[in-house]
Amino acid sequence: ITCTFTNTPGAALTLTKSVAGVSDTNNNGLRDAGDVVTYSLLVHNSGGAPVTGLGINDVLLTGETCPSAALAQGVSTTCTGTHVLTQAEVDAGTLTNTATAAATAAGTPVTSSPSSAVLTVTPSPGLELSKSVNALTDTNGSGVPDAGDSISWSFGLTNTGTVTLNTLAVSDPTAGPVTCAATTLAPGAS
């Protein structure tokens, strides 16, 4: 009796994801909403069979590109993709992004374990206040500002930072109680 044993090598992928860089789209020197994060995704065929149809699964990335859709065993390639930072991500202070690599080996799907990259977004809060006289009521009819007249003030608040500001309030002992039309301001809003 003759027995024949065929060893079919298994396929496997490993993925290492990292932040390759951040483009400061508004040139303000800060990481804020609208900046573009570029990710590097190093895919290695760690199995014993070649793979084809290589792609990246990542819900946050756009424009993913891989230099090659096929990898021989033991070969690596670096794919790239980008993500535009949202205001919610900037407000959170960190962005954790996870991806997997997928391909096929002899018609069998192969998926890597997930790999994550964390981007820290240092908050840069800023608030600008301007105060002006809104109206002067001449309560005694003297025609000039004097004791007893009533002054109404206006306060302008502008968020000059990169993060959303909450629970806004103005304290002015001269003006008395101050109410604000909004208590939350997005960056750039007044």
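Since we're looking at a predicted model, the values are computed, not measured.
In this view, Thr160 satisfies the side chain to side chain donor-acceptor pair (under 3.5 Å) rule with no residue, not counting sequence neighbours.
In this structure, Ile151 is a member of the same hydrophobic cluster as Phe155, with clusters built from ILVMFWY side-chain heavy atoms closer than 4.5 Å. Ile56 and Leu60 end up in the same hydrophobic cluster when Ile, Leu, Val, Met, Phe, Trp and Tyr side chains are linked at under 4.5 Å. In the hydrophobic clustering of ILVMFWY residues, with side-chain heavy atoms under 4.5 Å counting as a link, Val121 and Val118 come out apart. Val90 and Val22 fall within a single hydrophobic cluster, where Ile, Leu, Val, Met, Phe, Trp and Tyr side chains are chained together by heavy-atom contacts under 4.5 Å. Clustering ILVMFWY residues whenever any of their side-chain heavy atoms sit less than 4.5 angstrom apart, transitively, puts Val19 in a cluster other than the one holding Val84.
Separating the CG atom in Leu30 from the OG1 atom in Thr162 is a distance of 6.0 Å, to the nearest 0.5 Å. Residue Ser150 holds its OG atom at 8.0 Å from CG of Leu136, rounded to the nearest 0.5 Å. Distance CD/Glu64 to CG/Leu54: 11.5 Å, rounded to 0.5 Å. Here the CG-NE2 distance, from Leu61 to His83, works out to 8.5 Å after rounding to the nearest 0.5 Å. To the nearest 0.5 Å, the span separating OG1 on Thr120 from CZ on Arg31 amounts to 7.5 Å. Here the straight-line distance linking atom CG of Asn159 with atom CD of Glu128 works out to 10.5 Å at 0.5 Å rounding.
Residues in residues 52-63 take part in these salt bridge (Lys or Arg N to Asp or Glu O under 4.0 Å) pairs, two or more places apart or across chains: Lys17-Asp58. Among residue pairs with one or both ends in residues 172-186, those qualifying as salt bridge (Lys or Arg N to Asp or Glu O under 4.0 Å) are Lys131-Asp172; sequence neighbours excluded. Pairs passing the salt bridge (Lys or Arg N to Asp or Glu O under 4.0 Å) check and including a residue from residues 78-92, sequence neighbours excluded, do not occur.
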(message) Run the side-chain contact (heavy atoms from CB on, under 4.5 Å) test on Leu168 and Leu127 for me, step by step, so that the C-alpha distance in whole Å, both residues' side-chain angles and the decisive distance to 0.1 Å come before the verdict.
(response) CA-CA 10 Å; Leu168 291 173; Leu127 182 63; 4.2 Å; yes

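Between Pro123 and Val163, the closest heavy-atom pair is CB-CG1, 3.7 Å. Of all heavy-atom pairs between Val51 and Ala11, the closest is CG1-CB, 4.4 Å. Across Leu15 and Ser113, no two heavy atoms sit closer than the pair CB-O, 4.3 Å. Contact record, Pro114 with Thr98: CB-CG2, 3.6 Å, taken as the closest heavy-atom pair. Considering every non-hydrogen atom in both Ala49 and Ala105, the closest pair reads CB-CB, 4.5 Å. Between Pro109 and Gly107, the closest heavy-atom pair is CD-O, 3.8 Å.
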Which pairs would a plain distance check flag for residues 32-40, meaning a side-chain donor or acceptor within less than 3.5 Å of a matching protein atom at least two apart in sequence or in another chain?
| from | atom 1 | to | atom 2 | distance (Å) |
| --- | --- | --- | --- | --- |
| Asp32 | OD2 | Asn26 | ND2 | 3.1 |
| Asp32 | OD2 | Asn28 | ND2 | 2.6 |
| Asp35 | OD1 | Thr25 | N | 3.1 |
| Asp35 | OD1 | Thr25 | OG1 | 3.3 |
| Asp35 | OD2 | Asp32 | N | 3.0 |

Side chains of residues 176-190: which donor-acceptor pairs under 3.5 Å do they make with residues two or more places apart or in other chains?
| from | atom 1 | to | atom 2 | distance (Å) |
| --- | --- | --- | --- | --- |
| Thr184 | OG1 | Asn166 | OD1 | 3.4 |
| Ser190 | OG | Thr158 | OG1 | 3.0 |

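No hydrogens or angles considered: nothing links the side chains of Ser112 and Thr14 as a donor-acceptor pair under 3.5 Å.
Looking at Asn134, its side chain never comes within 3.5 Å of a backbone N or O of Ser154 through a donor-acceptor pair. Looking at Thr137, its side chain never comes within 3.5 Å of a backbone N or O of Thr139 through a donor-acceptor pair. Asn45 contributes no side-chain N or O that, together with a main-chain N or O of Val75, makes up a donor-acceptor pair within less than 3.5 Å.
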